[in-house]
Structures are given as C-alpha cells and as structure tokens.
K.L.:
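This is the structure I want to talk about, given as structure tokens.
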Amino acid sequence: MKKALSLALLSIFALTASMILLSHRSSGFQDREAISAPASVQHWAGTDDLGRDRAARLASAFLLGLVGAACASAITAAISILVGVGTAFARPRVSRFLLYGSDVFLGLPWLFLLMLVRSMLPLNLPSHLSAAVTVALLASLGWPIYVRSLYARATSLRRADWLLQARANGLSAWRIGTSQVLPHVRPLYLTQFLLGIPAFIIAEANLGSLGLGVSEPLVSWGSLLQELGSSAQLGTTHWVYLPLALLVAILLCIELCIPED
Amino acid sequence: MHGFIQMICRVTRIVSLLLLTTFGTVVLMRVAPGYFADEREMDTQYSTEARNAIAFQQQHDVSAVRTWARLMTGVMRGDFGVSKQYQIPVAELIGPRLRTSAKLVFTALVSGWLCALACALPCTDLGAAGVHRWMHGMSTVLLAVPVSVMAIFCLQSTWGGPGSVLFALVMVRDFRFFSRLLRKQSTAPHLLYAWAYGASASRVVFCHVLRPLRRELVAILTMSFVTVLNACIPVEVIFGVPGVGQLAWGAAMNRDLPVLLAVTLLMALSIGLSALFTVETQAQRALP
C-alpha cells in the first residue's frame, strides 16, 4: 500500500514537472521585472534573486536529478554485477585480486575524492558535460559498496546442482551468466539500484550546494539549495524552503519503494 | 603464525590504499587544467631570470610517477613539502588544524553513537511500535536532508554549530542500524529465560542484548567514523572552522599539491586504521 502510494506520488511529481516545463516555462529565463517576487499566477512559486521562475527550476532539477541519479545507479549496479559475479566465477587468484581491489576502493574517502575530482575540472565546463561528469563520478565511486553482497550470492549459486548440470550440458560461460545466474541475483541488484538513487541524489545535492555539482544554466538540487545560504532570500520569502521540502518528500517516496528486506 | 600472516595482509592493504590514493591524487592534479600555470610567470615584477627559474621548476613536475616518487620519499623522511598557497611547511599547517578536526570528529562520533544507542534501546520493546515508528520517521526525514543543507540551516539560524550537524548525522544514521539490530536481538529466546529468572532490566540489556552484538556495534562505529570524516569537509567549509577539511578544500581549489597529498594521506590512513581496528577487534573475539 505504502509502495503504491509512493509510486503514485512520484508519478504525479514527474507529470507535474513535465507539464510545467512543456508549458513554455523556461528555467533559465530571467524576468527582470520580478526579482525575488512572491508567488503569483505568472510565477507559481515566486522568483529567485535573478528573476528566474522557481517552479520551472524545481521541475527541471527534479527531472534532471531523478534521471541522473537513476543513470548513475544503473551504471553502478552494472559495474558491481560485472565485478561481483565475475569474481565469483573467476579463478581464485583473480577473484582474490578483484575483491582486494574493491576493498581498497571502498576504503577511499569518496566525498573528498568527488570534491577533489570535480574541483580539478575547468570552471567553464559546459553544463551538459558537467552533468555527465557528475553522473560518471558518482557511478565510478559507488560500485564497491555492492560487490561483496553480489559476490556472496553468486558464490552460493556457483555450487548449485542446476548450474553444474548447465555446465555439463555444454552451455557457454556467457550463456550461463546471462540466462542462469543473472535472474537469481536480480532481486539483489534491483534493490541496490533503488538504494543508489536517493544516495546519489543526496551526494549531488551536497556537491551542488558547495558549487561543485552541475553548472548553470542546467538546474540541479544543489544549485537550488544554494539559495538557502543567502540570508537576504530567507528573510524575503518562504518559497526558498520549497526545494528542500520537495527533496525530502521525493527521497521519502523513493525510500518507501525500496523493499525492506 | 596464521595471525601474523593475517596482520601482514591487513597492513599491506592499508599501505596499498595509501599508495593508490596518493598516486591517484598526483595524477588528478597533473591532468587538471591550470596545473602548470603559475601566476608569477605573468607578474612583470619578476625578472626574466626569475620567471625562467619558475618555468624550469615546473618542468621538473612533468612526469606524474617522478613527482609522486619524490613526494613520497619526502613523506617517508617526515618532510611533507611546502604549501604552494601559504609558502610554509605543510606539517606546520596541518598540526594545529588536525587537533581542531580531531576534536570535532571524535566528539560528534562518540556522542552521536551513544545517543543513537540510547534512542534505539526503547525501541527494542516490541510493544513500543508507536515510539519506533515515530523515531524511524524522524530519522528518515533527517537522513533525506543533505549535510551541507543542514550546516547552512544551523549557520543561518545560529542554532547549533559544526559539532551539532555532525552529531545529528551520526545519530540519525546509527539509529537506523541499532534499532534494526536491537529489535532482532530482543526476539531471541534466551531473553525470555532471563526475564523469567528475574534478571533486572539493566542486566538483560547489558549482558544479553548489547554484549552479543558488540562486534556489530564496533563495525557501525567504524562506518560512522568514515561518514563523519567525509562530512566534516563541507561542514568545516560552511562554518569556517580552521580544520583539516577546510584546508583540503582550499588546497583543492588552489591546486596546492603538497597540502592535498598530505591531507589525502591522512584521510586514507585514518580510514585504513579504523578498518584495521574493527577487523582486529573481531579477530580477537573470534580467537578461543
């Protein structure tokens, strides 16, 4: 019931966001006549200090954040399946080396690395490239977390009778992997995919609020939350809190969609 | 003998983590745009000879491997180099800041961990489902707020400080783990025997609930340490705390390689040692 409600709510958010953007409201357009304006018919959630429509920016950030986090999570899940399942079926030395490598990777201070790598990039990076780089960074640092659990599951499958029979029947390793093993680890990597989405949204929001996320004119949660750092804005209108409230609501909905076990 | 080999493997893992992290940092810095540019070369106050000397010095840093080897050799001698930004030895920069950050991190970690445990204990009573749901809901909401936003809020509202933000982060995360662990443990059959024999509540909690979970509790402490270490960077930057995190941030923005390398080494060493401590504690418990 909770899962269905959360999914319905997320769908409503996505539909509303799409409708806002399709109704010719641009997230980058600056209405100089309405700087830091309150909510009105023209600007449903008011405008920011540059006259940009807050509702359009929210819609843009929501869609970009969800799609970006989903892509990063999918890449992470794919890499962890490759490494986790591959390690379980590889030779002992290779699997020890791969597990050792993933543990070493897991020991790296990932937020520090994210900040480091992102700050190394040029400040004038085009916004679409900065979005792609942010997604790639999050994906490249998130995969070791899930490798151990996939490895454990795949190891238990390796000793299964039906797998031995498949091998005895002459099925190729690729065929065994894709048609026999993957369906059994699907619940695991689907859960990990769902767990990764809120984690990556928060990571991007953390990076963006420090100025290291997706660069303008593309809008992200981080750039919206930067408004909270301005005392002048906080004193003028309560609509500045809307991005935070929406972010919390969306993350709660995603969390409720994740199976508890 | 087996224990000795295991210890060697763990130490090797930490050393390889340090080497990998530092090498990665050097490579990143080298490929970053603007690394070879020195603003002094564009300053007309410097003579031609001085500018040539600066350019010659930059050429020494061409190879990443050579740069890394030179820096690591210095580190092993205790010489972390001189900060490009501040022109003072890196060790002098990091020393006082390390004390500030360490105090912040450990205070937040220990208080958050203990508070989370204290909040999770009432939830072990299976009749307290309402309490558990309420606290779980609160922790879910707080977890959804990015740590940098929490820091900005505290700064703007002058409520709390960097320690409060880190404390809240640790408490909320650890509460989720503890409540799950303790609720599972509270259904163990031996607890019913303990209650039936008239054991006091404190005895049941400490001897029969917490004691069997000590390995997991230590593991959660290690995970929280890594979380706090990561989170102290944005928190120190936002609050302007003169700690290692703020230093790292400044060094990353200004391409100050010696400082960055020292901070990366410090972070990787802390994380590696905390993992080693956890594994050691678990290994010791596993021995007869």
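In what follows, chains are A, B, ... by sequence order, proteins preceding strands, each numbered from 1. Below, each value reflects all heavy atoms present in this structure, side chains not excepted, and no hydrogens, waters or symmetry copies.
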K.L.:
Tell me, out of L252(A), I201(A), I254(A), I250(A), who's got the most heavy-atom pairs with chain B below 4.5 Å.
P.N.:
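The candidate making the most pairs under 4.5 Å is L252(A).
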K.L.:
Side chains of residues 239-246 of chain B: which donor-acceptor pairs under 3.5 Å do they make with residues two or more places apart or in other chains?
P.N.:
{"from": "Q246(B)", "atom 1": "OE1", "to": "R97(B)", "atom 2": "NH1", "distance (Å)": "3.3"}

K.L.:
Would you say that L247(A) contacts P146(B) through its side chain, given a criterion of any heavy-atom pair below 4.5 Å between the two side chains?
P.N.:
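With C-beta onward as the side chain, the pair touches.
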K.L.:
Against chain A, label L142(B) side chain, backbone, both or neither, depending on which of its atoms sit under 4.5 Å from a heavy atom there.
P.N.:
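Contact with chain A is absent: no heavy atom of L142(B) under 4.5 Å.
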K.L.:
Heavy-atom count around F193(A) CZ within 6.0 Å, excluding the residue itself: above 12?
P.N.:
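Yes, enclosed.
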K.L.:
Run the side-chain donor-acceptor check on residues 164-173 of chain B: report pairs under 3.5 Å with partners two or more places apart or on a different chain.
P.N.:
{"from": "S164(B)", "atom 1": "OG", "to": "G161(B)", "atom 2": "N", "distance (Å)": "3.0"}

K.L.:
Heavy atoms only: give me the nearest N206(A)-V147(B) pair and the separation to one decimal.
P.N.:
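For N206(A) and V147(B), the tightest heavy-atom pair comes out as OD1-N, 3.2 Å.
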K.L.:
When rounded to the nearest 0.5 angstrom, what is the spacing between CD1 in I202(A) and CG in L143(B)?
P.N.:
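Between I202(A) CD1 and L143(B) CG, I get 7.0 Å after rounding to 0.5 Å.
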K.L.:
What part of T227(B) is in contact with chain A, defined as an atom under 4.5 angstrom from a non-hydrogen atom: side chain, backbone, both or neither?
P.N.:
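When you check distances to chain A, no heavy atom of T227(B) falls under 4.5 Å.
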